[in-house]
A.B. asks: 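Have a look at the structure that comes next, please.
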Amino acid sequence: MTHPAENPESHHHKNFIEIEVEKDFANKESLQGKTIQTRFPPEPNGYLHIGHAKSICLNFGLAKTYGGKCNLRFDDTNPSKESQEYVDSIQRDVRWLGFQWDNLFYASDYFQQLYDWALQLIREGHAYVCDLSAEQMREYRGTLTEPGKNSPYRDRTVDENMDLFFRMKSGEFAEGTRTLRAKIDMGSPNFNLRDPVLYRIMNAHHHRTGNDWCIYPMYDWAHGQSDSIEGITHSICTLEFENHRPLYDWFCKTLRIFHPRQVEFARLNLSYTVMSKRKLLQLVTEKHVEGWDDPRMPTISGYRRRGYTPESIRNFCETIGVARFNGVIDVLVLENAVRDHLNKTASRYMAILDPVKVTLINYPDDQVEELEAVNNPEDPAAGSRKLPFSKTLFIEREDFMENAPSKFFRLKPGGEVRLRYAYIIKCEEVIKDSSGKVIELKCSYDPQTKSGSGPSAERKVKGTIHWVSASTGHCAEVRLYDRLFLSETPEEAPEAKTFLDNINPNSKTVLHAVIEPALAQILPGTRVQFERNGYYCADQIDSKPGAPVFNRIVTLKDTWAKIAAKE
RNA sequence: UGCCCCGUGGUGUAAUUGGCAACACAAGGGAUUUUGGUUCCUUUAUUCUAGGUUCGAGUCCUAGCGGGGUAGCCA
């Protein structure tokens with residue numbers, strides 16, 4: 001047992017699981033001389049989401065903190081919902097998050113052992129074959145207030161059970177006609193102990209075992225024993241399995257096998273986000289989004305495509321902590337985590353999303369200047385680049401206001417503003433089309449104020465705006481993503497509505513921006529900041545050489561929007 | 001309605017054996033700034049309720065209230 005490594009990069013305070021783990025290794029006889037062994041146990045029936053990231057960080061983090069090991073184990077006991085595509089995507093996502101498993105296992109690796117253990121249970125009088133239909137079984141199970149009734153098949157002899165179970169395995173019976181059940185207590189206040197089903201008959205092709213089996217173990221029967229086989233010391237799972245713990249313990253005890261400790265924690269809930277795998281699947285299959293990796297999806301692959309960094313997701317998981325209280329985390333916390341990381345690492349560029357033309361009336365017609373621009377003020381090592389400047393430019397439409405409030409520090413008629421890394425300009429004339437829309441601003445520039453050219457350039461004006469030279473600018477597709485749901489709690493839909501009714505119809509906006517030349521050469525996957533606007537990622541799939549397509553990762557904080565909203 | 005779990009600023013998480021309730025984010029105010037970004041300073045605000053044990057309770061006990069989970073041959 002080693003002690004948690006001093007980690008200077010985080011102000012980590014121990015969560016309750018770490019405290020329990022430390023206590024266990026200090027006190028439990030069975031753990032002496034051992035190191036922690038955890039596992040991340042996804043079912044390959046969908047893509048991983050941000051909630052899984054919490055579990056991944058926890059399980060791999062625990063192993064790392066205490067010098068132990070963490071396995072990746074696929075809980076593949078229900079072939080009707082699982083596939084190799086999901087297995088592959090899960091491995092990719094775990095690696096991308098920055099974790100490497102010590103062993104790769106599948107619950108299906110243990111099907112034979114599980115079967116043998118079932119035989120042991122039958123032999124020792126702890127399991128029986130039951131002929132009740134699913135509906136009958138429900139009736140026999142009882143209700144919240146009434147105990148269940150014993151199945152009429154509960155007292156079959158060992159020989160009869162052995163024979164029937166063997167024939168179940170041999171494919172002699174139709175799906176749904178028989179189950180193998182543990183013989184525990186139909187009167188238990190805990191439903192999980194009312195003779196739970198261990199095996200059901202399923203004539204399904206399994207992505208790994210093919211057609212070897214036609215009986216498949218239930219979660220409860222497979223999970224704890226898989227943990228036991230792998231020597232898992234701490235089996236971390238979410239709160240909804242809390243009521244299963246007595247059963248988990250019963251199996252280990254009755255089978256007399258290594259007994260891991262199940263510890264439950266609260267799953268992640270994010271505001272404005274759905275986290276249920278079933279609902280995420282529905283969004284994909286019904287085409288409300290463009291796939292599992294749609295940048296609006298809370299999947300790991302969605303965040304990756306969107307441009308989130310693994311570091312920011314790990315930091316997020318660290319920030320939110322681990323507890324047994326079921327709360328909701330504000331998505332802002334996640335967004336802040338990316339901003340925080342990207343602020344330090346992303347190079348800045350000029351891009352105009354909604355251009356308006358600016359003509360500098362006193363600037364020489366054919367002159368082009370190469371201006372020096374800092375790539376990242378937070379990181380001197382990022383260096384600088386040249387920015388072409390000329391008579392005709394584009395600025396952001398929202399950086400000009402004809403009747404501006406006093407606190408508006410950008411361009412207005414007769415007003416001055418600095419063009420970042422360039423000159424101070426003054427708006428002399430506003431040109432509009434017949435509909436009244438501003439189409440051009442005629443401005444003068446002050447030649448004394450060229451950035452970095454000495455004391456005369458130090459003149460202060462209230463605002464600085466970004467710009468792109470018209471002659472050298474490129475055009476690029478930009479996708480603006482907003483939250484997928486309008487409701488803070490999308491799963492809570494009013495009567496006769498579903499979470500789909502809470503979808504934000506404007507969660508994706510595609511536009512064409514004017515970008516500075518350097519930005520046009522950016523490699524797919526690169527994350528950049530569009531100055532004064534937000535962080536963007538050159539899409540890995542749709543970008544072409546010299547023609548990047550940008551996904552907005554997250555906007556910059558916008559204090560002005562807050563001020564303007566107050567007016 | 002049974003059983004299990006959980007209640008600490010607006011949100012999330014801390015608080016050695018019971019010993020000055022703290023950290024982050026959010027919100028407000030200010031400073032700096034050639035990004036209304038970043039950074040820095042600062043303010044507001046917390047133990048669900050009622051009893052009990054104790055010199056002393058967020059922590060222990062009892063009751064109440066509130067929230068969540070649970071009646072798949074899903075995981």
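The structure presented is a predicted model; accordingly, all values stated were derived computationally and were not measured. Atom set for the values below is all heavy atoms of this structure, side chains included, hydrogens, waters and symmetry mates excluded.
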A.B. asks: Donor-acceptor pair under 3.5 Å: do we get one between R410(A)'s side chain and the base of G36(B)?
C.D. replies: yes
A.B. asks: For N192(A) and for F16(A), locate the closest nucleotide of RNA chain B by heavy-atom distance; then report the residue assigned to the nucleotide nearer the 5' terminus.
C.D. replies: F16(A)
A.B. asks: Look up atom CD in E516(A) and atom CZ in F530(A), then write down how far apart they are to the nearest 0.5 Å.
C.D. replies: 9.5 Å
A.B. asks: If you check every side-chain atom of T559(A), which of G72(B), G36(B), A14(B) has the closest atom?
C.D. replies: G36(B)
A.B. asks: Can a donor-acceptor pair be found between the side chains of N192(A) and Y248(A) at a distance below 3.5 Å?
C.D. replies: no
A.B. asks: Rounded to the nearest Å, what distance is computed from the CD1 atom of residue I320(A) to the P atom of nucleotide A26(B)?
C.D. replies: 16 Å
A.B. asks: If we ignore hydrogens and angles and just use 3.5 Å, is the side chain of S487(A) paired with the main-chain N or O of T489(A) as donor and acceptor?
C.D. replies: yes
A.B. asks: Tell me whether Q84(A) at atom CD has more than 12 heavy atoms from other residues, nucleotides or ligands lying less than 6.0 Å away.
C.D. replies: yes
A.B. asks: Measure CZ/R200(A) against P/C74(B) and give the value in whole Å, please.
C.D. replies: 5 Å
A.B. asks: Under 4.0 Å between a side-chain N or O of R141(A) and OP1 or OP2 of C73(B)?
C.D. replies: yes
A.B. asks: Please give me the minimum heavy-atom distance between F389(A) and L419(A), naming the atom from each residue.
C.D. replies: CE1-CD1, 3.8 Å
A.B. asks: Using only modelled atom types and a 3.5 angstrom limit, is any donor from either the side chain of R532(A) or the base of U35(B) paired with an acceptor on the other?
C.D. replies: no
A.B. asks: Check the distance between C25(B)'s P and D330(A)'s CG and give it to me in whole angstrom.
C.D. replies: 14 Å
A.B. asks: Nearest to the side chain of N343(A) - U34(B), C74(B), G37(B)?
C.D. replies: G37(B)
A.B. asks: Is the phosphate of A26(B), meaning OP1 or OP2, less than 4.0 Å from a side-chain N or O of N336(A)?
C.D. replies: yes
A.B. asks: Can you list, by residue number, the residues of residues 38-47 of chain A that have a non-hydrogen atom closer than 4.0 angstrom to RNA chain B?
C.D. replies: E43(A)
A.B. asks: Base, sugar-phosphate, or nothing for L144(A), non-hydrogen atoms under 4.0 angstrom?
C.D. replies: base
A.B. asks: Can you figure out which of C6(B), U13(B), U70(B) approaches the side chain of H13(A) most closely?
C.D. replies: U13(B)
A.B. asks: Given pairs defined as Watson-Crick or G-U wobble with both distances under 3.5 Å, what dot-bracket annotation applies to RNA chain B, with ( ) intrastrand, [ ] crossing, | other strand and . unpaired?
C.D. replies: .((((((..((((.....[..)))).(((((.......)))))....(((((..]....))))))))))).....
A.B. asks: From Y421(A) OH over to K386(A) NZ, what is the distance, rounded to the nearest 0.5 angstrom?
C.D. replies: 13.0 Å
A.B. asks: Applying a 4.0 Å non-hydrogen cut-off, can you work out what R420(A) is touching in the nucleic acid: base, sugar-phosphate, or nothing?
C.D. replies: base
A.B. asks: What's the closest nucleotide to the I563(A) side chain, out of G36(B), C25(B), A75(B)?
C.D. replies: G36(B)
A.B. asks: Decide yes or no, distance alone: a donor-acceptor N/O pair under 3.5 angstrom between the base of A75(B) and the side-chain of H244(A).
C.D. replies: yes
A.B. asks: Nearest to the side chain of I329(A), which nucleotide is it out of G36(B), G37(B), G12(B)?
C.D. replies: G12(B)
A.B. asks: So if I take every side-chain heavy atom of W560(A) and compare against G72(B), G36(B), U35(B), which nucleotide ends up nearest?
C.D. replies: G36(B)
A.B. asks: Mind calculating the distance between CZ (R245(A)) and P (C5(B)) to the nearest angstrom?
C.D. replies: 8 Å
A.B. asks: Nearest to the side chain of K557(A) - G36(B), U70(B), G37(B)?
C.D. replies: G37(B)
A.B. asks: Base, sugar-phosphate, or nothing for K460(A), non-hydrogen atoms under 4.0 angstrom?
C.D. replies: sugar-phosphate
A.B. asks: Take R138(A) and E135(A), measure what salt bridge (charged side-chain N to carboxylate O under 4.0 Å, His left out) needs, and give me the verdict at the end.
C.D. replies: CA-CA 5 Å; R138(A) 200 178 316 122; E135(A) 193 185 332; 5.5 Å; no
A.B. asks: Counting any heavy atom closer than 4.0 Å, what does L193(A) reach on the DNA or RNA strands: base, sugar-phosphate only, or nothing?
C.D. replies: nothing
A.B. asks: Using atom CZ of F191(A) as one end and atom C1' of C74(B) as the other, report the distance to the nearest whole Å.
C.D. replies: 17 Å
A.B. asks: Please state whether the base of U1(B) and the side chain of E146(A) form at least one donor-acceptor pair under 3.5 Å?
C.D. replies: no
A.B. asks: Please classify the nucleic acid contact of P377(A) as base, sugar-phosphate, or nothing, using heavy-atom distances under 4.0 Å.
C.D. replies: base
A.B. asks: For nucleotides 27-29 of chain B, give me every protein contact, N/O to N/O, under 3.5 Å, one pair per line with atom names.
C.D. replies:
residue, atom, partner, partner atom, Å
A27(B), OP1, K562(A), NZ, 2.8

A.B. asks: Using a heavy-atom cut-off of under 4.0 Å over every strand shown, decide if G327(A) touches base, sugar-phosphate, or nothing.
C.D. replies: sugar-phosphate
A.B. asks: Does T77(A) place a side-chain N or O at less than 4.0 Å from the phosphate oxygens OP1/OP2 of A75(B)?
C.D. replies: yes
A.B. asks: From C-beta outward on E242(A), which listed nucleotide comes closest to its side chain: G36(B), U35(B), C5(B)?
C.D. replies: C5(B)
A.B. asks: How about K426(A): does its NZ atom have over 12 heavy atoms from other parts shown lying under 6.0 Å from it?
C.D. replies: no
A.B. asks: Picking from U35(B), C74(B), U13(B), which would you name as closest to the side chain of F325(A)?
C.D. replies: U13(B)
A.B. asks: Under the 5.5 Å and 30° test, is F409(A) stacked on the base of G36(B)?
C.D. replies: yes
A.B. asks: How close or far is atom P of U33(B) from atom CZ of R348(A), stated in whole angstroms?
C.D. replies: 18 Å
A.B. asks: Using a heavy-atom cut-off of 4.0 Å across all strands, would you classify E175(A) as base, sugar-phosphate, or nothing?
C.D. replies: nothing
A.B. asks: When you check the glycosidic angle of G37(B), does it come out syn, meaning within 90° of 0, or anti?
C.D. replies: anti
A.B. asks: Identify whether the distance between the nearest side-chain nitrogen and carboxylate oxygen of R532(A) and E396(A) falls below 4.0 Å.
C.D. replies: no
A.B. asks: On RNA chain B, nearest-nucleotide positions of V322(A) versus A134(A): which is more 5'?
C.D. replies: V322(A)
A.B. asks: Rounded off to whole Å, could you give me the CD-to-C1' distance for the E531(A) and U33(B) pair?
C.D. replies: 13 Å
A.B. asks: Going by an N to O cut-off under 4.0 Å, is there a salt bridge joining K14(A) and E22(A)?
C.D. replies: yes
A.B. asks: Using atom types as modelled and distance alone, determine if a side-chain donor or acceptor of R156(A) lies under 3.5 Å from a backbone N or O of V129(A).
C.D. replies: yes
A.B. asks: Quick one: do E416(A) and R459(A) make a salt bridge, cutoff under 4.0 Å?
C.D. replies: yes
A.B. asks: One thing to verify: whether R73(A) and D227(A) come together as a salt bridge, which I'm taking to mean a side-chain N less than 4.0 angstrom from a carboxylate O.
C.D. replies: yes
A.B. asks: Does Y421(A) reach a base, just sugar-phosphate, or nothing at all? Heavy atoms under 4.0 Å.
C.D. replies: base
A.B. asks: Do we see a donor-acceptor contact under 3.5 Å between the side chains of E264(A) and Q262(A)?
C.D. replies: yes
A.B. asks: Provide, to the nearest angstrom, the distance between the CD atom belonging to E372(A) and the P atom belonging to U34(B).
C.D. replies: 17 Å
A.B. asks: Counting the atoms with a prime plus P, OP1 and OP2 as sugar-phosphate, which does M218(A) contact under 4.0 Å by heavy atoms, base, sugar-phosphate, or nothing?
C.D. replies: sugar-phosphate
A.B. asks: Within this structure, what is the CG-CG distance for the pair N315(A) and N336(A), rounded to the nearest 0.5 Å?
C.D. replies: 12.0 Å
A.B. asks: Out of U34(B), G36(B), C73(B), which has the shortest distance to the side chain of V197(A)?
C.D. replies: C73(B)
A.B. asks: When all nucleic acid strands are considered with a 4.0 Å heavy-atom cut-off, which category describes F241(A): base, sugar-phosphate, or nothing?
C.D. replies: base
A.B. asks: Can you find an N or O donor on one side and an acceptor on the other, under 3.5 Å apart, linking the side chain of E378(A) with the base of G37(B)?
C.D. replies: yes
A.B. asks: Would you call E82(A) and R208(A) a salt bridge, taking side-chain N to carboxylate O under 4.0 Å as the test?
C.D. replies: no
